[in-house]
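Every heavy atom of this structure was used, including side-chain atoms; hydrogens, water molecules and symmetry mates were not.
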Amino acid sequence: MTPALTALTKRLHPSHEMCPKLLVELKRQEAGEHGEQHVLSFLAACQLPEQTYLLHNVAMKSKVEMRIGILLLSPWWCLILEVKNITGRLYFNDNPRQLIRKGDDGKDEILGSPENQVDQYTFGLKSLLESQGAKLPVTGQFFSV
């Protein structure tokens, strides 16, 4: 999505009403990609178990649509990693599950729950694997870089 968003922001006149929102979204996506690349380079330097594959930006659809940032896949298990690269102080609410960022300006911004996202992707991947006759344990983890 970032290449398309980059191209769109270059084509729009800077005074266009959508330009500020698109630039904020582009910055958010670039930060997320940077965080994922940081984790990917760390994992690539690790000695992963034999027959373990490291996949990036995996898009799938089963009972839910998924765009998994990092997926480790082996013949014995699957691990979903949801990486967030978010500035500011982060707070997690349990009820309702949500992530709150306190910005440098003191304003609170309510973000989607990464825990809910991991749960949804775990459910979706389990469902997809089961529909193909594979019964692998699937686990997911969120972390911030």
Under 3.5 Å, sequence neighbours excluded: what are the donor-acceptor pairs made by side chains of residues 124-132?
{"residue": "Ser127", "atom": "OG", "partner": "Phe123", "partner atom": "O", "Å": "2.9"}
{"residue": "Ser131", "atom": "OG", "partner": "Leu128", "partner atom": "O", "Å": "2.7"}

Which donor-acceptor pairs under 3.5 Å do the side chains of residues 68-78 make with protein atoms, sequence neighbours left out?
{"residue": "Ser74", "atom": "OG", "partner": "Trp76", "partner atom": "N", "Å": "3.0"}
{"residue": "Ser74", "atom": "OG", "partner": "Trp77", "partner atom": "N", "Å": "3.0"}
{"residue": "Ser74", "atom": "OG", "partner": "Trp77", "partner atom": "O", "Å": "3.3"}
{"residue": "Ser74", "atom": "OG", "partner": "Trp77", "partner atom": "NE1", "Å": "3.4"}

Determine all donor-acceptor pairs shorter than 3.5 Å in which one atom belongs to a side chain in residues 39-60; sequence neighbours excluded.
{"residue": "Ser41", "atom": "OG", "partner": "Gln37", "partner atom": "O", "Å": "3.3"}
{"residue": "Ser41", "atom": "OG", "partner": "His38", "partner atom": "O", "Å": "2.9"}
{"residue": "Thr52", "atom": "OG1", "partner": "Pro49", "partner atom": "O", "Å": "2.8"}
{"residue": "His56", "atom": "NE2", "partner": "Glu36", "partner atom": "OE1", "Å": "2.8"}
{"residue": "Asn57", "atom": "OD1", "partner": "Arg67", "partner atom": "NH2", "Å": "2.8"}

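Taking NE2 from His16 and NZ from Lys21, the interatomic distance works out to 11.5 Å, rounded to the nearest 0.5 Å. Interatomic distance, CZ of Arg11 versus OG1 of Thr6, reported as 13.5 Å (0.5 Å rounding). For the atom pair CG of Leu5 and NZ of Lys10, the computed distance is 11.5 Å after rounding to the nearest 0.5 Å.
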Would Leu22 and Leu26 count as a side chain to side chain contact (heavy atoms under 4.5 Å, CB included) if you check the C-alpha gap in whole Å, the side-chain angles of each, and the deciding distance to 0.1 Å? CA-CA 6 Å; Leu22 292 173; Leu26 179 61; over 6 Å; no

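Legend: salt bridge (charged side-chain N to carboxylate O under 4.0 Å, His left out) pairs involving residues 77-86, not counting sequence neighbours, sorted by first then second residue: Glu82-Lys84. Legend: ring pair (Phe, Tyr, Trp, His ring centres under 6.0 Å) pairs involving residues 125-145, not counting sequence neighbours, sorted by first then second residue: Phe92-Phe142.
For Glu109, the side-chain contact (heavy atoms from CB on, under 4.5 Å) partners two or more places apart in sequence, or in a different chain, are Arg101, Leu111. Under the side-chain contact (heavy atoms from CB on, under 4.5 Å) criterion, Arg89 pairs with Tyr91, Lys102, sequence neighbours left out. In terms of the side-chain contact (heavy atoms from CB on, under 4.5 Å) criterion, residue partners of Ile110 (sequence neighbours excluded) are, by chain and number, Gln98, Ile100. In this view, Thr122 satisfies the side-chain hydrogen bond (donor to acceptor under 3.5 Å, both in side chains) rule with no residue, not counting sequence neighbours. Here Gln141 pairs with nothing under the side-chain hydrogen bond (donor to acceptor under 3.5 Å, both in side chains) rule; sequence neighbours left out.
Side-chain heavy atoms closer than 4.5 Å link hydrophobic residues (I, L, V, M, F, W, Y) into clusters, and following such links, possibly through other members, connects Val118 to Leu99. Follow the hydrophobic side-chain contacts under 4.5 Å out from Leu81 and you never reach Leu90; the two are in separate clusters.
A distance-only check finds no donor-acceptor pair linking the side chain of Asn93 to the backbone of Asn95 [under 3.5 Å].
Residues Met66 and Lys61 share a closest heavy-atom pair of CE-N, 4.5 Å. Scanning all heavy atoms of the two residues, the minimum distance from Gly112 to Pro114 falls at O-CD, 3.1 Å.
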